[in-house]
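Each remark here refers to the structure printed beneath this line.
Because the structure is predicted, anything quoted here is derived from the model rather than measured.
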Amino acid sequence: MNRARALVIGGFLALAVSGCATAIENSIVFQPRKYPTGDWAPTSGVEDVWIESSDGVRLNGWLARAERPQAVVLYTHGNGGNITTRREVLRLFRDRLNASVMVFDYRGYGKSGGVPTETGVLDDARAARRYLAATCGVREGDVVLVGHSLGGGVAVDLAAADGARGLILEGTFTSLPDVAASHVPLLPVRAVMQSKLNSVDKIRNYRGPLFQVHGDADRIVPYSLGQKLFAAANEPKQFMTIPGGGHSDPPTSEYVAALKQFLAALP
C-alpha cells in the first residue's frame with residue numbers, strides 16, 4: 001500500500017457511505033495477482049496443495065516439507081501478489097531453518113477462487129492451518145504462525161483466538177485504519193473504514209512466544225505502529241529493529257540468525 005494508494009483510500013473513504021464504498025475499499029486493501037500472472041513453474045520438493053475454506057472456496061498453496069522439522073510453519077503473506085512471489089519464504093524456512101512450511105493464497109489471489117474480504121481471508125487462514133496441521137501430523141495449536149504486513153494481522157487473529165506454538169510478525173501494524181490514517185492524517189479514515197484487522201486489541205489475547213521484526217525506514221507500515229503493537233503484546237516477547245530496513249526487504253543475516261534462535265527455543 002504506497003502513498004498514492006493511501007491517498008485514494010482517504011479520498012474514497014471520506015466520501016463513502018454506501019455498499020459501493022466497501023467494494024472500493026476492498027480493491028485497495030487487497031491487491032491480488034491472479035493466475036497466470038507469476039512464475040508457476042514447479043519448485044523442487046514443493047507440493048502444490050488445495051484447501052477448502054469453510055464456505056467452500058478452494059484455495060491453492062505450496063507446501064515444502066523438511067525431513068525432520070523442528071517446526072511446522074504457516075506463512076500468511078501481505079496484501080499484494082500471490083504465492084509465486086514467496087518462493088524465498090519456502091527456501092528460508094525449509095532449507096535454512098529446518099521447518100516444514102506452507103504458503104497459500106487467500107481467496108481471489110493466484111489460483112484461489114473467490115473474492116477477498118477481511119472475513120474471507122481470516123476464514124481462509126483458519127482452513128489453511130487446519131489443513132497444514134492434519135497433513136503434517138501436529139495439533140493446530142502447535143503450528144508456528146508467520147505473518148508479513150497484512151498477513152501479520154491475519155496471523156494475530158489466528159493466534160489470539162486459538163493459540164500458536166509461536167508467532168512471528170514482520171512489518172505488521174496495529175490496525176488497517178491506523179495505517180491509512182498515517183498516510184492521510186487529515187481525513188477521517190478511521191471513522192469510515194470497514195476493514196479493521198484490529199491486531200492491537202486482539203494480540204492481548206495471545207499468550208505464547210512472540211518475535212516481531214520491523215525496519216525503521218518502513219514507508220508503508222510506520223515503524224511506530226509496529227512498536228505500538230509490540231507494547232500491547234504479552235510476554236514472552238522480543239522485538240528486532242532492522243536499521244534502515246524497508247517494508248519488503250530480503251531477510252538480513254541477523255534476522256535469519258534471530259529466527260533460528262527463536263524457533264530452537266520454542267516449547
Does the pair I203 and L169 meet the rule for a side chain to side chain contact (heavy atoms under 4.5 Å, CB included), with working shown? CA-CA 11 Å; I203 204 166; L169 302 177; 4.2 Å; yes

Find out whether L63 and F104 are in side-chain contact, i.e. whether some heavy atom of one side chain is under 4.5 Å from a heavy atom of the other. no

Evaluate F173 against D178 for side chain to side chain contact (heavy atoms under 4.5 Å, CB included), listing each step before the verdict. CA-CA 8 Å; F173 45 75; D178 284 349; 6.0 Å; no

Any donor-acceptor pair under 3.5 Å from N234 side chain to R204 backbone: yes

Test item: L74 and L158 side chains (from C-beta on) under 4.5 Å apart, heavy atoms: yes

Heavy-atom neighbours of E67 CD exceed 12 at 6.0 Å: no

Residues in ring-ring contact (aromatic ring centres under 6.0 Å, His included) with H148, at least two apart? H247

First locate atom CG of L229, then atom CG of D201, and finally report the distance between them rounded to the nearest 0.5 Å. 10.5 Å

List the atom pairs, with distances to 0.1 Å, where a side-chain N or O of residues 90-98 and a protein N or O form a donor-acceptor pair under 3.5 Å, not counting sequence neighbours.
unit_1: R91; atom_1: NH1; unit_2: E88; atom_2: OE2; d: 2.4
unit_1: R94; atom_1: NH1; unit_2: G45; atom_2: O; d: 3.2
unit_1: N98; atom_1: ND2; unit_2: R68; atom_2: O; d: 3.0

Rounded to the nearest 0.5 Å, how far does CD of Q238 lie from CD1 of I168? 9.5 Å

I'd like to know whether Y109 forms a ring pair (Phe, Tyr, Trp, His ring centres under 6.0 Å) with H77, so could you lay out the CA-CA distance, the side-chain angles of the two residues, the decisive distance to 0.1 Å, and finally the verdict. CA-CA 11 Å; Y109 287 71; H77 66 65; 5.5 Å; yes

Distance from D105 atom CG to W62 atom CH2, nearest 0.5 Å? 8.5 Å

Just list the side-chain donor-acceptor pairs under 3.5 Å for residues 256-267, sequence neighbours left out, or say none.
none

Please answer: with hydrophobic residues joined when any side-chain heavy atoms are less than 4.5 Å apart, are L145 and Y75 in the same cluster? no

Checking the side chain of S100 only, and the main-chain atoms of P69 only, is there a donor and an acceptor separated by less than 3.5 Å? no

Checking the side chain of N82 only, and the main-chain atoms of R33 only, is there a donor and an acceptor separated by less than 3.5 Å? yes

Looking at residues at least two apart in the chain, or sitting in another chain, which of them share a ring-ring contact (aromatic ring centres under 6.0 Å, His included) with Y206? none

Rounding to 0.5 Å, atoms CD (Q212) and CE (M240) come to a distance of 13.0 Å

For E118, check side chain to side chain contact (heavy atoms under 4.5 Å, CB included) against everything at least two apart and list the hits. L122, S195, K196, L197

Strictly distance-based, threshold 3.5 Å: is any side-chain N or O of D249 a donor or acceptor partner for the main-chain N or O of G246? yes

Distance-only, no hydrogens or angles: does the D218 side chain make a donor-acceptor pair with backbone N or O of Y223 under 3.5 Å? no

Might you point out which heavy atoms bring G80 and R86 nearest each other, and give the distance in Å? O-NH1, 2.9 Å

Got L150 and F30 here, is their nearest side-chain heavy-atom distance under 4.5 Å? yes

Separation of L225 CG from I220 CD1 (nearest 0.5 Å): 12.5 Å

Answer yes or no: is there a side-chain heavy-atom contact under 4.5 Å between H214 and Q227? no

Mark yes or no for whether T37, through its side chain, and Y35, through its backbone, hold a donor-acceptor pair below 3.5 Å. no

Could you tell me if the side chain of D48 sits less than 4.5 Å from the side chain of P42, heavy atoms only? no

Does a side-chain heavy-atom distance below 4.5 Å link Y255 with F211? yes

Residues S149 and V221: closest non-hydrogen pair is OG-CG2, 4.2 Å

Can you check whether N60 reaches R58 side chain to side chain, under 4.5 Å on heavy atoms? no

Between K34 (side chain) and S112 (backbone), is there a donor-acceptor pair under 3.5 Å? yes

Quick one about R107 and S53 (side-chain donor to acceptor, distance below 3.5 Å, no hydrogens or angles considered), yes or no? yes

Could you report the tightest heavy-atom contact between A164 and A159, atom names first, then the distance? CB-CB, 4.2 Å

Common cluster, I51/V73, ILVMFWY with side-chain heavy-atom separation under 4.5 Å: no

Any link between V154 and V156 through a network of hydrophobic side chains (Ile, Leu, Val, Met, Phe, Trp, Tyr) touching at under 4.5 Å? yes

For residues L210 and F230, determine if any side-chain heavy atom of one lies less than 4.5 Å from a side-chain heavy atom of the other. yes

Is there a donor-acceptor pair under 3.5 Å between the side chain of D216 and the backbone N or O of G244? yes

Mind checking the OG1-CG spacing from T84 to D39? Nearest 0.5 Å is all I need. 7.0 Å

If you look at every heavy atom in V121 and P116, which pair is closest and at what distance? CG1-CB, 4.3 Å

Heavy-atom nearest pair, P209 first then R165, reads CD-O, 3.5 Å

In terms of hydrophobic clusters joined by side-chain contacts under 4.5 Å, are L59 and V89 together? no

Minimum heavy-atom distance S182-V179, with the two atoms named: OG-O, 2.6 Å

For residues 127-139, which side-chain N or O atoms pair as donor and acceptor with protein atoms under 3.5 Å away, sequence neighbours left out?
unit_1: R129; atom_1: NH2; unit_2: D162; atom_2: OD2; d: 2.6
unit_1: T135; atom_1: OG1; unit_2: Y131; atom_2: O; d: 2.8
unit_1: R139; atom_1: NE; unit_2: D142; atom_2: OD2; d: 3.1
unit_1: R139; atom_1: NH2; unit_2: D142; atom_2: OD1; d: 3.1

